[in-house]
A.B. asks: 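I am attaching a structure below and will ask some questions about it afterwards.
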Amino acid sequence: MEILMGTVWLLVVLAIFTLFNYKAPHGAKAMGALAAAACASFLVEAFQDSFFGSVLGIEFLGEVGAANGALSGVAAAILVAIAIGVQPGYAVLIGLAASGTGILPGFVAGYLVAFLVKWIQEKVPGGLDLITIIIVGAPLTRAVALFMSPIVDSTLLRIGEILIASAESSPVIMGIILGGVITVVATAPLSSMALTAMLGLTGTPMAIGAMAVFGSSFMNFVIFHKLKLGERKDTIAFAIEPLTQADVTSANPIPIYTINFFGGAASGVLVALMGLINNTPGTATPIAGFAVMFAYNPVTKVLIAGLGCIMLSIIAGYLGSLAFKNYPVITKQELAHRED
C-alpha cells in the first residue's frame with residue numbers, strides 16, 4: 001500500500017511540475033533555472049564532498065562540496081530570478097535572503113518575488129528601486145521561503161521517505177517504478193537531479209535513480225542513432241545530456257519515453273537486487289551519479305552494476321528501436337525546416 005501511495009504522489013508531483021513547465025509564466029525558463037541550481041549545488045556536492053572528500057579523503061574539497069550543497073536554496077532563488085528577467089545584482093540581493101532553506105522553497109520564493117522585483121525595476125526611479133528592493137524584496141523572499149519549507153517537508157520529503165521505506169520491503173517493484181520514472185524525467189523538460197533532490201532521496205532509491213540515468217546515456221545513443229532522429233553530433237549530445245535535444249524529445253515523446261521507461265526499469269531492478277546505496281540526494285545524473293556510488297559501495301560491486309546497467313540499457317534501446325522502426329518520427333532536421 002505504501003508503494004502505491006508513494007508512486008501516486010510521485011506522479012502527482014511530476015504532473016504539477018509538467019503543467020508548471022508548459023503553462024506557468026516563464027515556466028520552462030524557471031524549470032531550467034531549477035535544474036541549473038541543482039547542478040550548482042548538489043552536483044558540486046556529489047563530486048567534491050561525496051567523491052573527492054569521502055572516497056579520496058581530500059578534506060578541502062569535501063568542504064567545497066559541503067559549502068555548495070548547503071546553498072541550494074540561494075542558488076535556486078538567484079537563478080530563477082535571473083531567468084525571469086531580474087537584473088543579476090537584484091537577483092543576488094533577494095536570493096541571499098533564502099539562505100538556510102532548501103532548493104524548492106528557494107525556487108518558489110525567487111520565482112514569486114522576481115515578478116515584483118521586475119515591476120519595481122520598471123516603475124520605480126533609478127536608485128530608489130534599489131532601496132525599495134532592499135526594504136521589500138529581500139524580507140519577502142525570506143518570508144516566502146520560510147513559509148514553503150514546512151510544506152515541502154510535509155509533502156515532497158514525505159513522499160521521499162515513503163519511497164525509501166518501500167524500497168526495503170519491495171525492492172523489485174521500487175526498482176521498476178523509480179528506475180523507469182526517473183529515467184523518463186531525465187529526458188523530459190524537467191530535471192531528474194532536481195526531482196530527486198526535492199524528494200530527498202537517499203539509500204537504494206537514490207542509487208536506482210543515479211545508475212538508471214547513468215545507463216540511459218548509452219540507451220539514448222542507440223535510440224537516436226537507430227531511429228535516425230538527428231546527425232551524429234545530435235546523437236552524441238542526446239547521450240550526454242538529453243535536455244540539449246528537448247525539441248526532438250517533445251516531438252517524439254511516445255518512442256523516447258516508452259523505451260526510456262523500460263530501460264530505466266531494468267537498470268532499477270538490477271540496482272535494487274544488488275542492494276546498492278547512494279546517500280547524496282540529487283545525483284540522478286550520468287557522470288556524477290556513477291562516480292558518487294563509489295563513496296558508499298565496494299568498487300567491484302559498483303563496476304559490475306555499472307556494466308550491467310550499460311548492457312541492459314543498450315539492449316532496451318536496440319529492442320525499443322526495432323519496436324518503433326515504423327513509427328513516424330520527426331527528426332532534428334525536420335524540426336529545423338519547420339522553424340524556417
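Owing to the predicted nature of the structure, the values given are computational and were not obtained by experimental measurement. Basis for what follows: all heavy atoms, side chains included, without hydrogens, waters or symmetry-related copies.
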A.B. asks: Are the side chains of Cys309 and Met211 in touch, meaning some heavy atoms are under 4.5 Å apart?
C.D. replies: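 When only atoms from C-beta onward are counted, Met211 and Cys309 do touch, with a gap below 4.5 Å.
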A.B. asks: Can you measure from CD1 (Ile223) to CZ (Phe218) and round to the nearest 0.5 angstrom?
C.D. replies: 13.5 Å
A.B. asks: Got a second to check how far Ile259's CD1 is from Leu319's CG, nearest 0.5 Å?
C.D. replies: 9.5 Å
A.B. asks: Would you call Ile151 and Met148 a side-chain contact if the rule is heavy atoms closer than 4.5 Å?
C.D. replies: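 Counting from C-beta outward, Ile151 and Met148 do come under 4.5 Å.
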A.B. asks: Could you pull out the closest heavy-atom pair between Ile120 and Thr132, with the gap in Å?
C.D. replies: CD1-CG2, 3.8 Å
A.B. asks: State whether the side chain of Asn252 and the backbone N or O of Ile330 hold a donor-acceptor pair below 3.5 Å, judged by distance alone.
C.D. replies: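 Present.
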A.B. asks: Is any side-chain heavy atom of Tyr111 closer than 4.5 Å to one of Pro25?
C.D. replies: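 They are in side-chain contact.
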A.B. asks: Of all the heavy-atom pairs spanning Met293 and Asn278, show the shortest one and how long it is.
C.D. replies: SD-CB, 3.7 Å
A.B. asks: Would you say the side chain of Asn279 lies within less than 4.5 Å of the side chain of Met206, judging by non-hydrogen atoms?
C.D. replies: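 Met206 vs Asn279: side chains apart.
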A.B. asks: Calculate, to the nearest 0.5 Å, the distance between atoms CG and CE belonging to Leu270 and Met311 respectively.
C.D. replies: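 Between Leu270 CG and Met311 CE, I get 10.5 Å after rounding to 0.5 Å.
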A.B. asks: Please list every donor-acceptor pair under 3.5 Å in which a side-chain atom of residues 72-98 meets a protein atom from a residue at least two apart or in another chain.
C.D. replies:
| unit_1 | atom_1 | unit_2 | atom_2 | d |
| --- | --- | --- | --- | --- |
| Ser72 | OG | Ile103 | N | 3.4 |
| Tyr90 | OH | Asp129 | OD1 | 3.2 |
| Tyr90 | OH | Asp129 | OD2 | 3.0 |

A.B. asks: With the side chain counted from C-beta on, respond yes when Lys301 and Leu276 share a heavy-atom pair under 4.5 Å apart, and no when they do not.
C.D. replies: yes
A.B. asks: Could you name each residue pair satisfying side chain to side chain donor-acceptor pair (under 3.5 Å) that touches residues 28-47, not counting sequence neighbours?
C.D. replies: none
A.B. asks: Between Ser217 and Ala239, is there a donor-acceptor pair closer than 3.5 Å when you use the side chain of the first and the backbone of the second?
C.D. replies: yes
A.B. asks: Report yes if some heavy atom in the side chain of Phe221 is under 4.5 Å from a heavy atom in the side chain of Ile314; otherwise report no.
C.D. replies: no
A.B. asks: Could you tell me which residues satisfy ring-ring contact (aromatic ring centres under 6.0 Å, His included) with Phe224, sequence neighbours excluded, listed by chain and number?
C.D. replies: Phe238
A.B. asks: Any idea which heavy atoms bring Val144 and Ala109 closest together, and the distance?
C.D. replies: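 Val144 and Ala109 have their closest heavy atoms at CG1-CA, 3.6 Å.
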A.B. asks: If you measure from CD1 on Ile135 to CG on Leu130, what distance do you get to the nearest 0.5 Å?
C.D. replies: 9.5 Å
A.B. asks: For residues 265-291, which residue pairs pass the ring pair (Phe, Tyr, Trp, His ring centres under 6.0 Å) check, not counting sequence neighbours?
C.D. replies: Phe214-Phe290, Phe290-Phe294
A.B. asks: Is any side-chain heavy atom of Leu227 closer than 4.5 Å to a side-chain heavy atom of Pro255?
C.D. replies: yes
A.B. asks: I need the Ile256 CD1 to Ile254 CD1 distance, nearest 0.5 Å.
C.D. replies: 11.0 Å
A.B. asks: If you compare all heavy atoms of Gly264 against all heavy atoms of Ala212, which two are closest, and at what distance to 0.1 Å?
C.D. replies: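 So the minimum-distance heavy-atom pair works out to O-CB, 3.9 Å.
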A.B. asks: Got Gln333 and Glu231 here, is their nearest side-chain heavy-atom distance under 4.5 Å?
C.D. replies: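 Yes. Closest side-chain heavy atoms under 4.5 Å.
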A.B. asks: Holding to ring-ring contact (aromatic ring centres under 6.0 Å, His included), I want the full list of residues that pass it with Phe147, two or more places apart in sequence or in another chain.
C.D. replies: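 Not a single residue meets the ring-ring contact (aromatic ring centres under 6.0 Å, His included) criterion with Phe147.
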A.B. asks: Nearest 0.5 Å, please: how far is NZ in Lys118 from NZ in Lys123?
C.D. replies: 12.0 Å
A.B. asks: Please report the closest heavy-atom contact between Thr280 and Thr283, naming both atoms and the distance.
C.D. replies: O-OG1, 2.9 Å
A.B. asks: For Ser216, enumerate each residue passing the side chain to side chain contact (heavy atoms under 4.5 Å, CB included) test, keeping only those at least two apart in sequence or located in another chain.
C.D. replies: Thr183, Val213, Met219, Asn220, Asn260
A.B. asks: Is atom CD1 of Ile287 surrounded by more than 12 heavy atoms (other residues, nucleotides or ligands) closer than 6.0 Å?
C.D. replies: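 Atom CD1 in Ile287 is not crowded, with 12 or fewer foreign heavy atoms closer than 6.0 Å.
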A.B. asks: Of all the heavy-atom pairs spanning Ala284 and Ile182, show the shortest one and how long it is.
C.D. replies: CB-CG2, 4.0 Å
